[in-house]
Amino acid sequence: LYGGNNKEVFEICSKFVENNRTPISPHLGEFLFLQSYSQDRLGCPEGAIINSEKAYAIFSILENEIGCGWAGNFLGILNKKLSDFREAMKWFVRAGRIYQKNCMYRKLSMVNLNMGNTQFRIGEYNKAFCFLEDSMRLAVEGDWIHRQCFANIALGNVYRLTRAYDTARRHLHTAYNQAQELQFPREEALALEFLGDVYRDEGLPAEARRYYARALAIGLKIAPEGDIVMEVHRRVGECHFLEGKPNLAMPELNKALEMARTQGDRFEEAVTLRILSETSLLVGDLQSSRNYIDRSANILREI
């Protein structure tokens, strides 16, 4: 058969697969997916990816489209965490097609949100806006306040990146109020974190640190070793740098760098290295500054 009769190989294998679907437990994919989810929470994203890919394969064999959507979306999230943005988009697109086909619009709103958050990481702001606005539209049509909250946070961040500060502030204040109403502490912290970014980018680092302090208090309560705490340490360090206080900036930045490496967040690692370079330059340590910025540029180029 390996001599070239691929059609016969395909037909035999297809028949075997069809006749051997049922011995597989219908719950195997679900347990692999939950195993993957827990691995991610335990700080093992690589293992989580392996088990999510297994879950996706099992769901595919069992012709469970909804399961494929779950696993596909989660694989997108996992790859985004590891800064493999193109791989992430591949999985998000697969999940989105499944949810669109099955008219699962709340899930589709979630996938559009994830695609928007991925696109802005690679500087595709126009594409990010398209996905995020679609996410918001679906959330409004479905009257899903939690989805609106998530979309407002993401839109606020991208408007801030494109220097539309008043619009960014409006989305983020709306998100903050929605998060409080829903009692979603993580989203409350994210809204505060990005509001701090608006003030930082407007040249008001002391005002920004007020928002970061509130976000950090929430982050330390819900996940002391999580991404919010890491990101806030980096942001506080950057504010101290902008205020000309390198002695206060360095401890915050080194803590953020350590956490970024532990979490495998290469994007955040690169951003932190950039600010460490600027801070080293401020104190006249030219060699360290050059080393930091070279490492930052190399990571950003890779991802």
Side-chain angles (χ1 to χ4, degrees), residues 17 20-21 23-99 107 110-111 113-119 121-122 150 185-187 189-190 219-234 255-273 295 298-303:
V17 170
N20 287 275
R21 288 184 195 273
I24 299 175
S25 167
H27 303 298
L28 179 58
E30 295 169 11
F31 274 86
L32 281 166
F33 176 74
L34 290 171
Q35 185 180 31
S36 169
Y37 193 87
S38 63
Q39 280 180 295
D40 176 52
R41 292 299 183 270
L42 291 169
C44 184
E46 292 87 355
I49 285 175
I50 290 170
N51 279 318
S52 269
E53 288 178 345
K54 289 179 183 177
Y56 186 90
I58 295 296
F59 286 135
S60 297
I61 290 169
L62 296 177
E63 299 179 331
N64 181 344
E65 280 198 330
I66 308 307
C68 286
W70 295 342
N73 180 65
F74 193 51
L75 279 162
I77 291 171
L78 291 170
N79 281 285
K80 182 167 77 70
K81 283 185 177 181
L82 295 178
S83 302
D84 192 342
F85 302 122
R86 286 168 180 78
E87 183 71 7
M89 282 299 298
K90 180 185 79 176
W91 287 108
F92 287 141
V93 167
R94 289 182 181 179
R97 286 173 180 161
I98 291 169
Y99 292 141
K107 294 288 190 183
M110 171 187 65
V111 173
L113 175 81
N114 290 334
M115 288 195 283
N117 281 331
T118 303
Q119 289 296 330
R121 287 295 185 100
I122 55 175
F150 302 154
R186 175 177 171 79
E187 283 64 40
L190 286 171
L220 287 170
K221 185 175 181 180
I222 62 175
E225 299 300 322
D227 57 341
I228 290 174
V229 174
M230 168 190 65
E231 291 167 3
V232 171
H233 278 301
R234 188 260 295 171
K255 177 64 174 176
L257 184 63
E258 178 187 347
M259 295 183 74
R261 287 171 174 165
T262 299
Q263 295 176 29
D265 190 332
R266 303 199 72 210
F267 181 89
E268 192 65 28
E269 180 182 354
V271 174
T272 305
L273 286 166
R295 287 156 59 192
N298 287 338
I299 293 171
L300 289 169
R301 189 177 295 111
E302 288 171 12
I303 65 176

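Residue indices begin at 1 and follow the sequence shown. The analysis underlying the following values was restricted to heavy atoms, covering all of them including side chains, and did not include hydrogens, waters or symmetry mates.
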*Does the separation of the ring centres of Trp70 and Tyr56 fall below 6.0 angstrom?*
no

Can you list the residues that meet the salt bridge (Lys or Arg N to Asp or Glu O under 4.0 Å) rule with [X], with sequence neighbours excluded?
X      : result
Glu231 : none
Glu65  : Lys101
Arg97  : none
Asp84  : none

*Partners of Phe267 by ring-ring contact (aromatic ring centres under 6.0 Å, His included), sequence neighbours excluded?*
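Phe267: no ring-ring contact (aromatic ring centres under 6.0 Å, His included) contacts found.
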
_Can you list everything that forms a ring-ring contact (aromatic ring centres under 6.0 Å, His included) with Phe92? Sequence neighbours excluded, please._
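Per chain and number, Phe92 pairs via ring-ring contact (aromatic ring centres under 6.0 Å, His included) with no residue.
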
_For Ile222, give me all partners under side chain to side chain contact (heavy atoms under 4.5 Å, CB included), at least two apart in sequence or on another chain._
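Pro185, Arg186, Ile218.
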
*Looking just at side-chain N and O atoms, do Asn51 and Gln39 make a donor-acceptor pair shorter than 3.5 Å?*
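Yes, side-chain donor-acceptor contact under 3.5 Å.
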
*State, without any angle test, whether Arg295 and Asn298 hold a side-chain donor-acceptor pair at a distance under 3.5 Å.*
no

Set of residues satisfying side-chain hydrogen bond (donor to acceptor under 3.5 Å, both in side chains) with respect to [X], sequence neighbours excluded:
X      : value
Tyr99  : none
Arg266 : Glu302
Ser52  : Ser36
Lys54  : none

Taking atom [atom1] of [X] and atom [atom2] of [Y], what is their separation to the nearest 0.5 Å?
X      : Y      : atom1 : atom2 : result
Met230 : Thr272 : CE    : OG1   : 7.5 Å
Leu32  : Phe59  : CG    : CZ    : 8.0 Å
Phe74  : Asn114 : CZ    : CG    : 11.0 Å
Leu300 : Ser83  : CG    : OG    : 9.0 Å

*How would you list all residue pairs meeting salt bridge (charged side-chain N to carboxylate O under 4.0 Å, His left out) that involve residues 256-265, not counting sequence neighbours?*
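For residues 256-265: Arg261-Glu269.
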
*Carboxylate-amine/guanidinium proximity below 4.0 Å for Lys81 and Asp227*: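 Judged by the 4.0 Å cut-off on N to carboxylate O distance, Lys81 and Asp227 do not form a salt bridge.
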
